[in-house]
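What follows is a single structure, written as structure tokens, with notes after it.
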Amino acid sequence: MTAALLEVAGLGAQYGRVVALHDATLAVAAGELVALVGGNGAGKTTLLRTISGVRPASAGSIRFEGRDITRLAPARRVGLGIVQVPEGRQVFAPLSVEDNLRLGAYARGRERSAEGLARAYRMFPALRQKRDLPAGSLSGGQQQMLAIARGLMAEPRLLLLDEPSMGLAPLLIAEIFAAIADLKRAGATILLVEQNATQALKIADRAYVLETGRVVLEGSGATLAQNERVKAAYLGM
Amino acid sequence: MSLLEVQSLSKTFGGVAAVAEVSFELEAGHVHSVIGPNGAGKTTLFNLIAGAVRPSGGKVRLDGADITGLAPHVLAERGIGRSFQTPQIFAAMSVAENVMVGRHLRLDRRLLPSLLGMPAVDRANRAARERAQLLLDQVGLGQEADRPAGGLAYGAMKRLEIARALAGDPRLLLLDEPAAGLNPTETAEITALIQAIAAAGVTVVLVEHDMRLVMAVSDHIIVLDSGRKLADGTAAAIRADPAVIAAYLGQAQ
Amino acid sequence: AQAPIKLGAVLATQGGPSFLGDPEAKVLKLYVDKMNAEGGIAGRKIELVLYETNGAAADAATFAKRLIAQDNVDFIIGGSTTGETMAMVPEIERAGVPFVSLGGASVIVEPVKKWVFKVPQTDRAAVEKVYIDMKQRAAKKVGLLAGSGGFDKSCTDNARALAKTHGLTVAADETHGAQDTDMTPQWTKIKNAGVDAVLYCGFGASSVVVTKNYAQLGLKIPFYHNHGSASTRWIQGSGAAAEGVRLPAEPVLVARQLPDRDPQKAAGVAFGDAYKAKYNEEPSTFAGYAYDALLLMADAIKRAGGTDKAKVRDALETTKGLVGATGIFTMTAADHSGVDVKSFRMVEVKNGAWRVLY
Amino acid sequence: MLETFLQFLFSGITAGAIYALVALGFTLIYNASHVINFAQGEFVMIGGMATVFLADAGWPIWAAAPLAVLLAVAVGVALERLAIAPAREASTVSLIVITIGASILLRGLAQLVWDRNFHTLAPFSGEEPIRVLGASILPQSLWVLGGSLLAVLALGWFFGRTLLGKAVIATAHNRLAAELMGIETRHVMTLCFALSALLGALGGVLITPITLTSYDAGVMLGLKGFSAAILGGMGSATGAVVGGLLLGVVEAMGAGFLSSAYKDAIAFVLILVVLVAVPRGLMGARGAERV
Amino acid sequence: MIRRREARRGGLGALAAVLLVLPFVLPNTYYLNVAILAGLNAIACIGLNLLIGYAGQISLGHAAFFGIGAYVSAILTAGQGWPPVLALLAALVLNGALAFAVARPILRLRGHYLAMATLGLGIIVAIVLAQEVRLTGGPDGMPVPPLVLLGWSPPGEAAWYGIVAVLLWIAAWLSLNLARSPIGRALAALNASEIAAATAGVDVARHKSLVFVLSALYASLAGSLFAHYAGFITPAKAGFLQSVELVTMVVLGGMASTFGAVVGAAILTALPQIFATFHEYETIALGAILMGIMIFLPRGLVPSLARLAGRR
Ligand SMILES: Nc1ncnc2c1ncn2[C@@H]1O[C@H](COP(=O)(O)OP(=O)(O)OP(=O)(O)O)[C@@H](O)[C@H]1O
Ligand SMILES: Nc1ncnc2c1ncn2[C@@H]1O[C@H](COP(=O)(O)OP(=O)(O)OP(=O)(O)O)[C@@H](O)[C@H]1O
Ligand SMILES: [Mg+2]
Ligand SMILES: [Mg+2]
């Protein structure tokens, strides 16, 4: 394993008194695609949000390129290239589709944004049709496309994907997974949370299993896909 | 006779037809699915049937009675329940209370007894609470009953949606992507739940992109594409339909 | 030393009516200190308990209760406005405390209430003074313009009621809102009604805007304000637009211009100088009200030989020829106001200053 | 008749331009936070009062006005930093109550630091009214009108054309997602409070020669400005100006043709009618929400 | 649910205890007077909280209902010689009818637009009260005859306190009962998501109208009582600032908390009295305290403190 781009050590997070994350430790090496698997409420979203800094860490540390970013403001982390595609789409409903995309590149300045727009529309032609409509009027799946495209606008160095395939039609899911594989080939580092665990494990280099806020298993994608416990709990077999 | 009859139902938003001239019939007691690409008009179709959006044209009949354009609460009274694609939970209330709201129509809603806190209201509350617990157990949220619903994980919210819709004892239950955000194991649980609901005589209409779930439970599938009905038939027929494969399923299926 | 005399006051120093309460409060503070420095009243110091309102009647009522039940005051001055005063009256009548109001409307003392007295001439008197002057300038049709507060409304009510007895008809009757920014529509309507003279009932910033709008439209109709504008601040604010405007004023406003034989001259000048020295502004009519209320109190307590409430009240009712800033006070059992129209002076703005006409 | 009508119209435009300027300040903070800033009128008051007192102290107007505006901006920033930002978790209504508290506080400070009197400011280009077909309008009204037109153009550009403007709207709509885009939401809020204080104070300087000012001048202006912003559609800069002018003209026409005693009531009836017909105001964003 | 019911019982008990003890610890009638005013405000606020706190429908014109209650009582008793109780009932009927008539069109509006509409309504009422001098005495107000109940008139502060305390307790009791009934849940639900509530069978428009009328009735009752107690009323009591103050009381005490409404009303009634002797610092202190409470206890006093207590 090469030097880790992201190192999470002993991370804890809580909502009031509810502890959502205990002592989570994981690492993602540069260029790696790591999947995070876990049931409802396991703490996957919480982990990603803590890495992005929009939730405070109650314990432990987060290092990016060896630098401690545990207390860094979220915007600064985006500046470093840590970008998240959030769960539940979270599009800016009153703004147009194109404005949503542009905001994806907020931290990068406007020069790159034309190029990025073209790429986004190539990836999701449905969005091009709706570019001037308020994002709130899109269908659920279209909003999900927008959320993914918006995240990619930032040209992330570390991409945190929280259930990117949710609500997408089967054809598109296949495309999304292909696109993720492409991104990885192009050198991006990705931490992927997916309920579509079968596919996620298929393309992942490594994976972690999260249960009630704890990392309980870790291994290569292929190994975990064969693990009996994983199969029963997450793959529906 | 069919339970629900949809006749050339249409809805346009600023010139764009989200649903165009869609017609179909739903047989009582069956599980029906509506599938189609993103933006095909599935959610809009639900919104039209359940009264969240007024149609631009066409008719909807329930048990032969015209229910086109009626308000959602009236339709709820007529026995239509639904869940939302984007969870619409009551964040400040407890999980159980969310479900109890779903039971609103079956409770004593008279003003005076409510104001005076008469025992009848207490009894109704207790019964509703018990019923809620039952439903929560059914969707796997039994442990969460007294938590604020706003703090639920996404997948849990989707299950809460189902429990709340069931609480109204609907005759026709519309479920919009109930398995989104659930992993295959959890989806299998929902699959069983849907089958149980149907077995109890409730007519279910499912919008879902998880084809394993759709194919497992559906007696009848309607395919929408760009607002129009592309196909309509049994699971087997749909699975084999080249148009559906090209537009939606892809070769993988 | 003897226990101090406790003087309670409720004044509207905030919000819209602060043009009334603010100078009144200043005067009370100034003169209570002054009187104490000079040994107090009959050897007893005065202790001022002041509560401030924004003119809200409900607050004034509560403060009246507080002054009586909590602070145990011997005497109450206040209610800058009629509304405040009337809200305080029930409590004051119930508890029996000598009370001098600074409110303008006649309802305060008509019918006579046992414990309630008041300083200002009724606003009816001010309107009468204006109407008499209008008649002298051969006016027949009069236009009214007013703000929407109690002070303004009470003035227009009187103006409407008194028009007939003075042989005038009200041909235009317009209102503006609190802190309105432009009154030219009202003026346009008044102009179109073809009136011979206009009376404005109002105060504060609005009275300046009204005057400026009058000039903006180039109007030449004889223009009167009521005593709400009787302050140098209004003249300064209105600038050239104020030239030629007339209004009925208390003598204190023009004390220096009074003939030497006028009994009010000396007191008025002294009061004006003291006020100006302390606050660096000319006293307004309303400052004079507070001054007179203090005089009435001091006089009554002296004559009553103490602060026994019933005795002080009786003494107040028998006030005779007391020379104040507002007028010369003579109270009777039937008249708890005690000043008459004659004490008003008609003044006109000339070169940015008041000039007494008569 | 024409003359009368024109005079009413000019009066309406004068008042309306003032309302519009105040309304624009509401728009800004609303767009950044969905909060109705009840202290907006106080910014206007501070702009006016500070200018007056600096001018009285001998400062030339060109120096006094910018300084006054600066003071208001400082107050706006302080309000955001000390009161709004720490209450980040608070609901919109709680934030609104904080701004109510701030407006009370600022009024109290103003009467302590300055006084309770009303004050005038010399008009920028003289008092000689401009006459058009027998009706007249003060040159200062044109200053105010020009000011609000400039402000609406600037705001329209800001929200319509700049990424920062979009970031502001994004922050108000979904703070979490905005932060995930790298938007420094705290700075965005501070910026908006600063800008709206600037706008308010600038308005205060422009309108004081017409309306005069006093420590409590902000209350009524805030109320009218809020009404104008809602009438036009909250969040829309153009709407704020249209709403302001319409409100001013309806008041003037109501006072002129119907009843001056009920002119405010007439204006509010109009607002009610408009809202019942168009629930998001004349130019408010049409619903983007769906389920 | 279970826990909440205990809080209700305990809360009502505590309220009763405080109301019972208060007259014995207050040193004089002035304090009683403040307590009575706080109680009347609290009654109005409990109603307003049903609307704002539970149902999430902002009203910036609520003082209008208070004002109408006060003036209908005043005009009917003073001018027409009606018995006060009858006038009070007439005010309730009128306010209820008015609220019912405007509820449907107005409550379709959301958020700030609803705030604006109610504000406009309130201002229109205040303007009418100030302009119709012959009926209302105009801005300077009008006197109101004393309250008479079956030939008995409350002789002083103590009697008034008793009346207000009992009514306040009943008002809180009714509000708490409603809150935990299916209707109360429906209100909370439509507050969170109208479409989801409607889909669950809640007639959103009807429930909004219902709670609007109820809250108007609370305000009307408080207004009528205030008129008789104070003996003199002015239109300011129906004005915009009064409406804002009522909302502030509710939010300060804590939204969706009946006891919060009571505490908020008590605090904001008492604070100006406490600061009254500070003169020019009075408004500054008031503003600062208001801000401070909302910054540090953003959910309002009662819910925030309850949470803190629960955490321990
Ligand atoms: N805002 C919140 N307040 C309180 N508790 C919360 C909040 N958000 C999440 N939680 C709790 O934290 C735990 C972890 O939630 P999280 O959303 O991280 O789960 P998840 O693994 O992403 O689940 P899902 O697959 O359903 O998205 C859950 O028990 C959840 O109920
Ligand atoms: N309120 C609206 N305003 C404008 N366009 C709308 C609105 N609601 C829906 N649409 C459009 O109608 C089309 C159908 O949307 P709908 O949500 O019904 O799709 P769907 O089939 O549910 O898609 P998905 O699978 O992604 O959820 C989409 O193109 C959407 O953008
Ligand atoms: Mg999650
Ligand atoms: Mg959908």
Side-chain angles (χ1 to χ4, degrees), chain D residues 26 30 34 36 38 79 82-112 116 219 223 226-227 229-231 233-234 259 261-272 275-276 279-281 284 287 289-291, chain E residues 52-53 56 58 60 102 104-106 108-128 130-132 193 195-196 199 240-241 244-245 247-248 250-252 254-255 279-300:
Chain D
F26 277 104
Y30 173 82
H34 290 178
I36 297 296
F38 265 75
L79 172 60
L82 301 178
I84 303 292
R88 209 132 89 87
E89 307 292 313
S91 66
T92 310
V93 192
S94 299
L95 289 175
I96 290 176
V97 169
I98 290 180
T99 68
I100 292 177
S103 77
I104 296 174
L105 178 79
L106 289 173
R107 244 176 284 147
L109 281 173
Q111 60 167 301
L112 190 68
R116 288 170 182 166
V219 181
L223 179 62
F226 172 62
S227 308
I230 290 282
L231 178 61
M234 207 67 196
S259 153
Y262 276 103
K263 79 174 175 48
D264 280 356
I266 295 166
F268 281 110
V269 167
L270 168 95
I271 293 178
L272 282 177
L275 287 183
V276 167
R280 281 162 187 269
E289 311 300 327
R290 49 161 302 197
V291 285
Chain E
I52 298 187
I58 292 280
L60 281 183
V102 296
R104 290 231 170 201
I106 279 193
R108 278 175 47 228
L109 302 170
R110 306 247 172 111
H112 301 314
Y113 295 95
L114 176 62
M116 177 71 238
T118 48
L119 187 160
L121 213 66
I123 291 187
I124 292 170
V125 169
I127 290 177
V128 172
Q131 294 297 341
E132 295 306 311
S193 166
I195 182 64
T199 301
F240 166 63
L241 293 177
V244 171
E245 190 167 330
V247 172
T248 308
V250 171
V251 179
L252 184 81
M255 296 263 276
H279 298 294
E280 47 278 285
Y281 299 100
E282 176 186 346
T283 36
I284 298 178
L286 254 174
I289 288 197
L290 201 55
M291 291 173 77
I293 293 180
M294 290 325 292
I295 291 169
F296 295 110
L297 303 171
R299 294 153 167 270

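Lettering follows sequence order; numbering is per chain, from 1.
The CG atom of Leu109(D) sits 4.0 Å away from atom CD1 of Ile284(E), with the distance rounded to the nearest 0.5 Å. Distance check: Asp264(D) CG to Ile124(E) CD1 gives 10.0 Å after rounding to the nearest 0.5 Å. Taking CG of Leu105(D) as the reference point, atom CE of Met291(E) lies at 6.0 Å (rounded to 0.5 Å). Interatomic distance, CD1 of Ile127(E) versus NZ of Lys263(D), reported as 8.0 Å (0.5 Å rounding). Atom CE of Met116(E) sits about 10.5 Å away from atom CD1 of Ile36(D), to the nearest 0.5 Å. Note that OG of Ser227(D) and CD1 of Ile123(E) are 6.0 Å apart. Values are rounded to the nearest 0.5 Å.
Counting heavy-atom pairs closer than 4.5 Å to chain E, the top-ranked of the candidates Ser94(D), Ala87(D), Ala229(D) is Ser94(D). Top candidate by heavy-atom pairs under 4.5 Å with chain E, chosen from Ile100(D), Ile271(D), Leu223(D), is Leu223(D). In terms of non-hydrogen atom pairs under 4.5 Å with chain D, the most contact-rich of Leu286(E), Leu290(E), Val102(E) is Leu290(E). Note on Ile52(E), Leu119(E), Leu121(E), Ile106(E): by heavy-atom pairs under 4.5 Å with chain D, the leading option is Leu119(E). Chain E forms the most heavy-atom pairs under 4.5 Å with one residue out of Leu272(D), Val269(D), Ile96(D), Ile84(D), and that residue is Leu272(D). Ranking Pro86(D), Gly233(D), Ala83(D), Ala90(D) against chain E, the residue ahead of the rest is Ala83(D), based on heavy-atom pairs under 4.5 Å.
The contact between Arg116(D) and chain E is made entirely by side chain atoms (from C-beta outward), counting heavy-atom distances below 4.5 Å. Contacts of Ile230(D) with chain E are made by both backbone and side-chain atoms, with heavy-atom separations under 4.5 Å. Looking at Ile58(E), the atoms closer than 4.5 Å to chain D (heavy atoms on both sides) all sit in the side chain, from C-beta outward. In this structure, chain D has no heavy atom under 4.5 Å from any part of Val125(E). When heavy atoms are compared at a cutoff of 4.5 Å, Ile295(E) approaches chain D by way of both its backbone and its side chain. Within the 4.5 angstrom heavy-atom criterion, no atom of Ile289(E) approaches chain D. Looking at Leu241(E), only its side chain comes within 4.5 Å of chain D, counting heavy atoms on both sides. Of the two parts of Leu79(D), only the side chain, counted from C-beta on, holds a non-hydrogen atom closer than 4.5 Å to a non-hydrogen atom of chain E.
Counting only residues at least two apart or in different chains, side-chain hydrogen bond (donor to acceptor under 3.5 Å, both in side chains) contacts with residues 281-290 of chain E are absent.
Side-chain contact between Val128(E) and Tyr262(D) is present, with at least one heavy-atom pair separated by less than 4.5 Å.
For Tyr113(E), there are no ring pair (Phe, Tyr, Trp, His ring centres under 6.0 Å) partners two or more places apart in sequence or in a different chain.
A parallel orientation is assigned to the rings of Phe38(D) and Phe240(E), their planes being inclined by less than 30° (bins at 30° and 60°).
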Exercise. Could you walk me through whether Phe226(D) and His112(E) pass the ring-ring contact (aromatic ring centres under 6.0 Å, His included) check?
Worked result: CA-CA 10 Å; Phe226(D) 172 62; His112(E) 301 314; 7.1 Å; no

